[in-house]
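To keep things clear, I will list the structure first and then write my remarks on it.
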2 protein chains.
Amino acid sequence: MRRDIFQAIADPTRRAIISLIALQAMTPNAIAENFNTTRQAISKHLRILTECELVRQEQQGREIYYSLEIEKMKEIDQWLSQYREIWQTRFNQLDELLVTIKK
Amino acid sequence: MRRDIFQAIADPTRRAIISLIALQAMTPNAIAENFNTTRQAISKHLRILTECELVRQEQQGREIYYSLEIEKMKEIDQWLSQYREIWQTRFNQLDELLVTIKK
DNA sequence: TATATATGCAACTTTTTGGTTTCACAAATA
DNA sequence: TATTTGTGAAACCAAAAAGTTGCATATATA
């Protein structure tokens, strides 16, 4: 079972979960209320998110609070940065061209 | 079959293809040489990438050159930006805390 | 203590995905 | 013109993923 962050964010339900718990920790039940699927399906998504360390659990009595491990999101940012460089270079080149044309 | 960019980049082979054609357009055969899979499998990946507009084709005689539609990558950047805000806020808060402690 | 609640896990089913094989077709080339 | 080359597409297959149902377990609560 290869669990990487790219596979984790591929599923729209998981992206919605990430968005939900980004600002405040939530329990599986509370999360599941926001979707038309069973609690168990959400639980499975949470397991996948936990396995690739995108999500952290905190037990509180019989409840488990899930919250986003925001640092992990930086991995995507890092991967993206090589392409960001490309589009910035292209933008600069376009900009220079426009300046040249103006002159 | 819904094709979105997050699903497109979930597959490691597709990410490798993106990386290959980021700087220069390539034909399916040339791309396939870099993998231990059949040309047809690569062709399928290219179709998926094309369907979600991450990749652009340019016919040249009987060859087809594939190149990266770098603008589309910005969609990931855009999605990521909401989380970037969170981690920057956290960083600033931590920074302020450290300043306070120093005082 | 008996019951209700919050949760995870395992077994199973259905759908999706990634790959292969085979073919068709158009463009180059002998 | 006949053959080779570059390509996409369809049919098929195996594996993985996503969802459901049915548990088990631990913690609250009446």
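Lettering of chains follows the sequences in order, A, B, ..., and the numbering in each one begins at 1.
- Counting only residues at least two apart or on different chains, the salt bridge (Lys or Arg N to Asp or Glu O under 4.0 Å) pairs with a member in residues 77-89 of chain A are A/Asp77-A/Arg84, A/Asp77-B/Arg84, A/Arg84-B/Asp77.
- Considering only residues two or more places apart in sequence or on other chains, B/Glu63 meets the salt bridge (charged side-chain N to carboxylate O under 4.0 Å, His left out) condition with none of them.
- Residue A/Thr38 has no polar side-chain atom (N or O) positioned under 4.0 Å from OP1 or OP2 of D/dG19.
- Residues A/Ser19 and B/Tyr83 approach most closely at CA-OH, 3.3 Å, considering heavy atoms.
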B/S/- along nucleotides 6-11 of chain D (protein heavy atoms under 4.0 Å) is SBBB--
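- Rounding to whole angstrom units, CD of residue A/Gln7 and C1' of D/dA17 are separated by 8 Å.
- B/Asp11 places its CG atom 11 Å from the C1' atom of C/dG19, with the value rounded to the nearest Å.
- We find that CG of B/Asp4 is positioned 10 Å from P of C/dT17, with the value rounded to whole Å.
- Distance CG (B/Asn36) to P (C/dT20): 10 Å, rounded to an integer number of Å.
- At whole-Å resolution of the value, CD in A/Gln59 and P in D/dA26 are 11 Å apart.
- Annotation: salt bridge (charged side-chain N to carboxylate O under 4.0 Å, His left out) contacts of A/Glu75 (sequence neighbours excluded): A/Lys72.
- Within the structure, the salt bridge (Lys or Arg N to Asp or Glu O under 4.0 Å) test picks out the following pairs touching residues 13-28 of chain B (sequence neighbours left out): A/Asp4-B/Arg15.
- With rounding to whole Å, A/Ile42 atom CD1 is found 16 Å from D/dT21 atom C1'.
- With sequence neighbours excluded, the residues that form a side-chain contact (heavy atoms from CB on, under 4.5 Å) with A/Arg39 are A/Asn29, A/Ala32.
- Between the CD1 atom of B/Ile9 and the C1' atom of C/dT17 there is a distance of 17 Å, rounded to whole Å.
- Residue A/Thr37 places at least one side-chain N or O under 4.0 Å from the OP1 or OP2 atom of D/dT20.
- Both A/Gly61 and A/His45 lie near DNA chain D, and the one whose nearest nucleotide falls closer to the 5' end is A/His45.
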